[in-house]
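Worksheet for the structure shown next.
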There are 2 protein chains.
Amino acid sequence: MAQTQTFSKNQQIVLDIIEKAKGPLKAYSILFNVQKKGINAPQQIYRALDKLIEAGKIHKIESKNAFVACKNSNCEVSKATAFSICESCEIVDEISDEKLSKYLSKFNEKKGMKFKRFNLEFFGLCKKCK
Amino acid sequence: MAQTQTFSKNQQIVLDIIEKAKGPLKAYSILFNVQKKGINAPQQIYRALDKLIEAGKIHKIESKNAFVACKNSNCEVSKATAFSICESCEIVDEISDEKLSKYLSKFNEKKGMKFKRFNLEFFGLCKKCK
DNA sequence: TAACAAACGTTATATTATAACACTATGATA
DNA sequence: TATCATAGTGTTATAATATAACGTTTGTTA
Ligand SMILES: [Zn+2]
Ligand SMILES: [Zn+2]
Ligand SMILES: [Zn+2]
Ligand SMILES: [Zn+2]
């Protein structure tokens, strides 16, 4: 329900950088980019990243240890994420497909496990790299 | 098509350990477990892991940086993987659901990207932890 | 204002993964 | 058989990613 949320100074700095970026950013690359703003240590980045993920403003691309801004104004606090990743140019795009999202959210295993969250990563070649 | 493949000494050692394990194993935990067998360096582990993944015998759980044996005798060389992960006890199970697999393999984005591979990770609480 | 929670800054360290180089075994091929 | 390519090995070093722990500061709320 995309509620407006206010972030702290460091959180906002990190969010701004990720939102401006064209692609996924790695934690240490964010760090190097904000040292002029007085952020000096990985902890400060990782703490901000944690909060932003929790808030659904960014997502972690697990296969790349990198972070992207959420395209969907908050992704229900990151409970259902899907990405397409080009294996050549490494461009990442968040997939917003209502049907896919519903299908996966409803999916349940035989084993009696109730899922609260999923993350899906598709790999291939983008138009340009094909 | 699960073709029988022969592995080198180190590859076999690593595969054996992962197959015997009850849950996902981390690279360095594998390393500590095979030092008696003459494997001394991370490189040796990571090289074996790479080959085993390529062969579809094991999978990497990206959200945990850990490795599990393939349950489905080879997963078409790891092109379509899905896992359920308990957020409490961290147990991981490979999901073998023909319908899910077909659905995702057929899924294509609007953007004109053709997918070759996907990895899906579900999170929740298992029966025991519920 | 007192109390508490959240955020901050900092140093140190743990964990995960790769680079680089020299050596060995194997099998194909000319 | 010589030689060549390929895959695997062993080793040292280092890069990249992430967290622990501690004390201070700031912001909220009672
Ligand atoms: Zn999102
Ligand atoms: Zn591309
Ligand atoms: Zn498998
Ligand atoms: Zn559990």
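Just so you know, these numbers come straight off a predicted model, no measurement behind them. As a basis for the values below, the full set of heavy atoms in this structure was taken, side chains included, without hydrogen atoms, waters or symmetry mates. Each chain gets a letter, A, B and so on, in the order its sequence line appears, and its residues count up from 1.
Between the side chain of B/Y28 and the base of C/dA17 there is at least one donor-acceptor pair of N/O atoms closer than 3.5 Å. Between the side chain of A/Y46 and the base of D/dA20, no donor-acceptor pair of N or O atoms lies under 3.5 Å.
Contact annotation for B/K64: no contact, since no heavy-atom pair falls under 4.0 Å across all strands.
No hydrogens or angles considered: nothing links the side chains of A/D93 and A/S84 as a donor-acceptor pair under 3.5 Å. Looking at B/Q12 and B/D16, their side chains do bring a donor and an acceptor atom within 3.5 Å of each other.
Checking each of A/I45, A/I39, A/V34 against A/N10 for a side-chain contact (heavy atoms from CB on, under 4.5 Å) leaves exactly one that passes, namely A/I39.
The phosphate of C/dC8 (OP1 or OP2) has a side-chain N or O of A/S8 nearer than 4.0 angstrom.
For DNA chain C, the neighbouring residues in residues 30-44 of chain A, judged by any heavy atom under 4.0 Å, are A/N40, A/A41, A/Q43, A/Q44. For residues 11-25 of chain B, proximity to DNA chain D is found at B/Q11, defined as any non-hydrogen atom under 4.0 angstrom from a strand atom.
Using a 4.0 Å cut-off between charged side-chain N and carboxylate O, B/E121 and A/R117 make no salt bridge. Using a 4.0 Å cut-off between a side-chain N of Lys or Arg and a carboxylate O of Asp or Glu, B/K64 and A/E62 do not qualify as a salt bridge.
A rotation axis mapping the C1' atoms of four pairs onto the next four is fitted at both ends of the helix from C/dT1-D/dA30 to C/dA30-D/dT1 over five pairs, and the angle between these axes is 30° to 10 degrees.
A/K26 has its NZ atom 11 Å from the P atom of C/dA17, to the nearest Å. Whole-Å rounding puts the B/N65 CG to C/dA17 C1' distance at 9 Å.
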